[in-house]
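First up is the structure itself, then whatever we jot down about it.
Here is how names work: the chains are called A, B, and so on, in the same order as the sequence lines, proteins then strands, and each is numbered from 1.
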Amino acid sequence: MEEIARDTIDEGDAIIVEHLSKRYRIPHERKQTIFEHLFSLFKGGAYSYEEFCALNDVSFRVRHGETYGIIGPNGSGKSTLLKILAGVLYADGGVKIVQGRIAPFIELGVGFQPDLTAKENIYLYGAIMGLKKREIRERYDEIIEFAELKRFENMRLKNFSSGMVVRLAFSTAIQTDPDILLVDEVLSVGDESFQQKCNQKIGELRSKGKTIIFVSHSLETVHTLCSRCLLLDKGQVIQIGPTPDVVHTYLSLIGSKGASS
Amino acid sequence: MWITEYRDLISILAISDLRVKYQSSVLGFAWSLVNPLLMMLVLYIVFSNVFHMSENQYALYILIGIVSWRFLQNGSSAAMTSIVGKPGLVTKVYIPRQVLVLSSVLSGFVSSLLEFLVLICLLIAFSVPISFVVLLFPFVHLLFLFLLYGLSLSLASLYVYYRDLNQIWEVLLQAGFFLCPIVYPLSTIPEQYLPYYMLNPITDFIAIYRDIFLYGKLPSPVTIAIVVVSGIILYLIGRFLFGKLERRFAEEV
């Protein structure tokens, strides 16, 4: 990745992204074994693949304390962008600067072990989300209270209902205390009352001045939560601006697509 | 550095690994200790007549070989699948991927320590004189851990792209079992080949363990040197490969 000029880095920015691009390789023939590779060597076929441009020259900045929405139709590159921000995927070009501790909520309960108890899983998942053992110990009671699973703390996770698992995951993840949250529509989980608790918690984080990057299909949630939005289509930035404007563009974009097809 | 920053995660992952492993079978823990003993018994019965061993502690001689070998075998096989086996930790959150390999190797290390503990108990039961050189064991075993980690970096990252590597590795391990002096004495190797034979670091590890546990003598500096140098070489290769291949892990897993 190329460097970014020092004087353009603003301390007030949580995320700076400039000219980011990402290309996926789609091989013509998927070869996953040594045997297949050797075989194709003898056949004389070269390794051929097509490139698919998932992100093309994407630039934007997010201020600290902002709740920032990323919207766009399916396959527009939203999730790819989020994964690059999280550090899971590497970009092929451009610069990414993240100032602060970042926590990806791309999927809840990553790394949960069904054969371990709820308590063991809290420690495991907490550590995966970047907490130290000491921090988990300190927050353990709060986590298990919030999940409303105190009675089941020594039960193995495989005996939990899916709703209980999600509650446990969210309660743990929310304790990681990041500066920047990356959220990929994972919050639409659990029943009504837990949903309310989640929204309350998100509101709390916002008022604490946390930065939240929010990827969603639900325009309603984006409307209520995000002040600014970024609209992606086919890997390119279409518009950045106040949420109502961007949503308006998005709707007309979908409308025109619907009309043309 | 990532090791210090993520040490809590590394240890929790390794412990969870061990918990799952030992919970999943009824006798779990006991089995994993009985297994090498049973294997020793079989090999002893089969080979004690073949080689007419001059070793008076032939059973323990075999057991040391088996227990050392099992660290390599179980450790490398588990570590190879450490990236592919936990796709969520690769594609959904960011942690340095070396953490997965290291924690897997470490859980193998703990299992191996327990097996060596059984070995030591047997040594005492057979009233083998224990000499102070036994104190070298932790250092030697840490060297083995280092070598295994370097090897596992290569295996784990290659396995992401070549999913039949585990089959190939299994065959190589099978061959390696007989290429190392586990069941036969070193004296069966023709003298002119011996220097080459000793270049295999696993052979040297086994020789070192026998020196410190069975013969009560200091391992030769040459064997130590080979073990250290090959550990460093494997680590450098592993680090290089892993660094190269890691960039597309999230797309391939």
How far does CD of B:Q167 sit from CD1 of A:I34, to the nearest 0.5 angstrom?
-> 10.5 Å
Is there a donor-acceptor pair under 3.5 Å between the side chain of B:D8 and the backbone N or O of A:A127?
-> no
Atom CZ of B:R70 with >12 non-hydrogen neighbours under 6.0 angstrom | yes
For B:T91 against A:V88, the heavy-atom pair lying closest together | O-CG1, 3.3 Å
B:E251 bridged to A:K22 by N-O distance under 4.0 Å | yes
Measuring heavy-atom distances to chain A, does B:I168 have an atom under 4.5 Å in its side chain, in its backbone, in both, or in neither?
-> side chain
Sort out for me which of B:R247, B:K86, B:E5 touches chain A most, counting heavy-atom pairs under 4.5 Å.
-> B:R247
Is it the case that more than 12 heavy atoms not belonging to B:K244 sit under 6.0 Å from its NZ atom?
-> no
A:D13 meets the salt bridge (Lys or Arg N to Asp or Glu O under 4.0 Å) criterion, sequence neighbours left out, with A:R61, A:R63
In this structure, CZ of A:R25 is separated from CD of B:E252 (nearest 0.5 Å) by 9.0 Å
Chain B contact via A:Q32 - which portion, at a heavy-atom distance below 4.5 Å | both
Of all of A:N121, A:L89, A:V110, A:I136, which one pairs up most often with chain B through heavy atoms under 4.5 Å apart?
-> A:V110
So which part of B:I95 gets closer than 4.5 Å to some heavy atom of chain A, the side chain, the backbone, both or neither?
-> side chain
Nearest non-hydrogen partners of B:L89 and A:G111, listed with the distance = CD2-CA, 4.0 Å
Using non-hydrogen atoms only, which part of B:R248 is less than 4.5 Å away from chain A: side chain, backbone, both, or neither?
-> side chain
Closest non-hydrogen contact found for A:P104 with B:V93 is CG-CA, 4.0 Å
Is a side-chain donor or acceptor of A:D115 paired with a backbone partner of B:V20 at a separation under 3.5 angstrom?
-> no
Which atoms of A:K83 approach chain B - backbone, side chain, both or neither, heavy atom under 4.5 Å = side chain
Could you tell me which of B:F249, B:Y161, B:Y6 has the largest number of non-hydrogen atom pairs under 4.5 Å with chain A?
-> B:Y161
Verify whether one side chain among A:Y90 and B:E246 offers a donor that lies under 3.5 Å from an acceptor in the other.
-> yes
Rounded to the nearest 0.5 Å, the CG atom of A:L124 sits from the CG atom of B:L13 at a distance of 6.0 Å
Under 3.5 Å donor-acceptor, A:K133 side chain and B:S11 backbone | no
What's the spacing between B:Y94 OH and A:M129 CE if we round to 0.5 Å?
-> 14.5 Å
Approximate separation, where rounding is to 0.5 Å, of B:K92 NZ and A:I128 CD1 | 14.0 Å
Residue B:Y197 excluded, over 12 heavy atoms near OH under 6.0 Å | yes
Can you say whether B:V99 sits under 4.5 Å from chain A via the side chain, the backbone, both, or neither, judging by heavy atoms?
-> neither
Under a 4.5 Å cut-off applied to non-hydrogen side-chain atoms, are A:Q113 and B:R19 in contact?
-> no
Taking side chain as C-beta onward, heavy atoms only, is B:Y162 less than 4.5 Å from A:T33?
-> no
Salt bridge (Lys or Arg N to Asp or Glu O under 4.0 Å) partners for A:R134, two or more places apart | A:E138
